Amino acid sequence: MNDLEKFKPCTGYCQMIGAATALLSIKNSLVIFNSPRWCALTAERELTCINKDYERKVFCTEARENDILYGIEKSLRETIKEAIDMEGTPTLLNVITSCSMSLIGDDIKGVCASETDCNNVITLDAGGFTGTFESGYQLAMIALLKNINSKVTEQKSLKVNLLGVCTSYPNWKGNLEELKRLLRLAGIEVNVALGADNTDFAELEKLVEAELNVVLVPELSLNVANYLYESLGQRYIIATIPFGFKDSIKWLNDISSELGVIPNLKEIENEIKQLERGIIDEAYSMRNFFSNFNLLQMASSLPESLTISIFKAMNNSGVDLLNCNACYCNKKDVIEHTSSNESLPLKQLTEIKGLDGKGYQLLLGTEKERMRFKDFTRTLYLNFSMPTEKIKCENDCYVGVRGWSNFVRNIFSQIKTLEYINKSL
Amino acid sequence: MIKKTKRKKVIHCNLSEIYTSVAFNPDIVVIVHAPKSCSHIIYNAWLNSKRRMLLNYNGQVPDVEDNLFITGMTDKEAIFGGEKLLENCIANVVQYKNPKCIIVASGCAAAVIGDDVQSVCDKAEIKYNLPIIFIPGSGFMSDQTKDGSLLTTSYLYKKFIKNKQPIKDEQSVVVLGLNRLQLLQWELLELKRIYGYFGYTNLLLPPSGLSVEELTNISKASLIGTYAPTVEKLKEYNKFSNMLSKELSIPTINNRIPLSIKETYEYINTMGVLLGKEDVAESAIINEQNLLNSNLEKYKSIFQGERCTIALGHPLRFIQIDELIFILKSVGFHINGLVLLNDLTDSELNEYKNYLEKSDCGLQISQENEWDYTEDDDIFITSIFNEKFKRQFCFRRKRIGIGGIKVFLEKLSIITTNNRSLGHE
């Protein structure tokens, strides 16, 4: 990588959006962006893609040059009043300060305290200076947890919290249901899924009841798990969201082992056998016609851990049509969870080149990102990061056992379509 | 809800517009001096524009890429200054991209900490013997809305137009304020049609899409036109075009590119007087009147007896309301009334009420909350999508010339003839 790579534009989302995504998942929560209007509108647009309702829950201090000179207090007071006038007193009031406004050092907390009766107020510096979407999400979650009244209490066995659920990933709801289903079949109960939309603030107090925290996406929840370990002594395990049949079984075994139990996975294994047969049959019939199909590269705007999970599942699936040679994603700092000995052909997303010669690529991202990769007739695409498709199929999932079947079906269907197009051209 | 605020201060981040205005220029590289997240906003705007171009121009997207870089200021630069980082970024861009010109646009954060970006650019220009232009892009640090495209054009003009009195090209017209990225194909054709009356066949839309060499052709043009969606923007542009006119000895039309029927006749008339071709203007106006009448007549057979309601969610300054009412009535629509949507702020609402009261449009005016939605079969002709409307046609805030009206009616007719519930202009 030459030095120019580090100056390429960012392909992730702003820290403010990450923080807002985390905080808006709490029922009756309001977010004030302490920022120029433009930054707030951009954030609002992204948040509205997640949930149209978020549009009325976000406000902006409309910072201008004068506020830099004389402080933002007056504008902030007016914004708080406006937010409460429009939406009523929230259960949780959040003020997220952008990079430029964080340089001034206004007493945001003080203004909030004097301006509202709201019992739970969170103020955060979450500009693009100090991090990206994922760090904003974690920062906000930790701030949120600091606000709850959690006393160390007796932890219930075989009960876990899921950390790293994020509404900015399409199908988060269906995915969460699948993970809960698998855990239930393995005899494990989910206590709180932190980050799930519409979570009651009071429900967070129940977090302490779980025996174990499961870190689903380390980039979104490793620091949160560490915080809970340090403050409440709650153990955690890094068990990245599983894709594929083998990974799902491994995932359940890993969590069970951490809980000190041997799970009964018979029902799940039977289900896998059924689904696997369908995939093998379909792959067999496709091989006759599409034997030249070759997946050259995969590009993902998901966090590195999830990308690796999907990439591994594809290459370990036993279906050669899904074998992929290279993988591009937003590589961040080395994360411990990837410390396996396998050397993965993982490259930085900004380094991706157009397709060379014959073959296809898989893009797991957004409609906008599709524009970057061109080669439309040779790109398989699934909306996997920020939800850009308006039709929400809440029960659709791509993770776990049922999700893998859905994933492969979608990929196969797209392979067929593109092969028909390309062969008829 | 950000858009409902009474404290709305319309400002734009110029960074996006500075980049998108030269995104297709083959020789120019843009460096943004700001936190990494700012580039996400710019990059997304670019991807959106690219998508629009791809879909509107049948895949003919210019093959210019990899020309946006960002310094990615962090909290370290916020404390110690970001000038070194910028120097390093420029050095890398020069080494690896070998551009003919670099534009450095600085964001809000750089402005707050007071980086001397101008001095860094001046030194680098001498060091690398390369034009390096600094454009302040921090939208919120100024008291007024500055147009990013105009800023870029004026800086490029200052840098590259040395020969101010070359031999003029009688067929070239410079149109300011229009970015090829944002222009629809038919809009370009409409412009060519209008200027074609007076023999202009070569349209230059600086700075978009022009190479460094081509930028110098601005001074060879023999007419200057301006596009501006609002009166305020027109004033800003006219200031620049009048300066150009004086320096380059080229006549300039101070009317904006016509966005209504009345403006079309006035524009052609002004052009005729300015160029001493009143007779050409006279016959062109008759031609335009005939074109309008034939289209109104044509669509009368389709719309006669249809019922509609006008819904407005954008401020008055963006909407030609009188003309909209005129067109709809002329093609046989029965207009039930006019709804002012909740998207408008109180002051925007009052502005509409005062205007409509004076204009005596003869329509029943209501606010969204008071509107009776019982007449379900009506088509809502709306400036913004509203989920409450069962059948709606979302119109654009601007349409160029009589050709624009033709496209408006053509698209609207799809709703009635195909019995669709949603359509867009």
Side-chain angles (χ1 to χ4, degrees), chain A residues 2-4 6-17 33 35-42 44 46 52 55-68 75 78-79 82 86-87 98-104 127-133 366-372 374 376, chain B residues 1-13 15-16 31-32 34-44 46-48 50-51 54 59 61 65-66 68-78 88-89 91-93 95-97 107-109 111-113 138-143 387:
Chain A
N2 63 38
D3 276 357
L4 194 61
K6 70 177 179 207
F7 296 115
K8 285 202 169 173
C10 145
T11 49
Y13 291 84
C14 176
Q15 187 166 226
M16 284 210 308
I17 303 177
F33 290 116
S35 72
R37 182 176 178 82
W38 188 255
C39 294
L41 279 174
T42 309
E44 183 215 44
E46 304 291 359
K52 187 87 173 83
E55 191 179 31
R56 57 177 186 83
K57 293 183 170 190
V58 295
F59 297 84
C60 173
T61 54
E62 313 254 341
R64 295 294 297 265
E65 195 170 16
N66 272 356
D67 300 314
I68 299 271
S75 301
E78 286 170 2
T79 315
E82 180 185 83
M86 280 191 198
E87 293 296 318
S98 75
C99 43
S100 51
M101 295 310 291
S102 67
L103 295 170
I104 315 166
F129 268 150
T130 46
T132 56
F133 179 94
T366 65
E367 195 70 31
K368 279 177 214 152
E369 281 151 3
R370 219 172 173 178
M371 292 301 112
R372 282 180 64 199
K374 295 191 263 176
F376 298 105
Chain B
M1 188 183 258
I2 296 174
K3 65 182 172 190
K4 277 292 284 176
T5 180
K6 290 171 189 165
R7 300 169 299 102
K8 186 169 167 183
K9 297 165 191 164
V10 181
I11 52 160
H12 294 281
C13 167
L15 297 178
S16 282
I31 294 174
V32 175
K36 199 94 174 167
S37 301
C38 291
S39 66
H40 167 74
I41 301 173
I42 307 162
Y43 199 57
N44 262 353
W46 145 247
L47 289 175
N48 259 337
K50 204 174 160 187
R51 181 164 164 233
L54 180 90
V61 182
E65 295 211 338
D66 207 15
L68 171 67
F69 296 91
I70 179 130
T71 55
M73 297 170 75
T74 62
D75 42 1
K76 185 181 138 202
E77 280 74 34
N88 186 13
C89 184
N92 274 284
V93 167
Q95 185 182 349
Y96 294 107
K97 300 303 294 181
C108 310
V112 174
I113 63 171
S138 46
F140 97 115
M141 286 294 290
S142 63
D143 282 336
E387 51 198 10

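Remember, predicted model here, so these are calculated numbers, not experimental data.
Both the backbone and the side chain of A/Thr79 come within less than 4.5 Å of a heavy atom in chain B. For a residue to count as touching a neighbouring chain, one of its non-hydrogen atoms must lie under 4.5 Å from one of that chain's; by this rule A/Glu46 touches chain B with the side chain only. In this structure, the portion of A/Phe376 lying under 4.5 Å from any heavy atom of chain B is its side chain and not its backbone. With a 4.5 angstrom heavy-atom cutoff, A/Glu44 touches chain B only via side-chain atoms. A/Glu78 touches chain B through backbone and side chain together, each having a heavy atom under 4.5 Å away.
Note on B/Asn44, B/Thr71, B/Val32: by heavy-atom pairs under 4.5 Å with chain A, the leading option is B/Asn44. Between chain B and the residues A/Arg56, A/Arg370, A/Glu82, the most heavy-atom pairs under 4.5 angstrom are made by A/Glu82.
Closest of all the heavy-atom pairs between B/Leu15 and B/Ala34 is CD1-CB, 4.5 Å. Closest non-hydrogen pair, A/Met16 versus A/Cys39, comes out as CE-CB, 4.0 Å. For the pair A/Met101 and A/Ala63, the tightest heavy-atom approach, listed with the atom from each and the gap, is SD-CB, 3.4 Å. The minimum heavy-atom distance between B/Lys97 and B/Asp66, with the atom names listed, is NZ-OD2, 2.9 Å.
Counting non-hydrogen atoms of other residues, nucleotides and ligands closer than 6.0 Å to NZ of B/Lys76 gives a total of 12 or fewer.
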- Task: Please lay out, stage by stage, how B/Val93 and B/Ile31 fare under the test side-chain contact (heavy atoms from CB on, under 4.5 Å).
- Result: CA-CA 9 Å; B/Val93 167; B/Ile31 294 174; 3.7 Å; yes
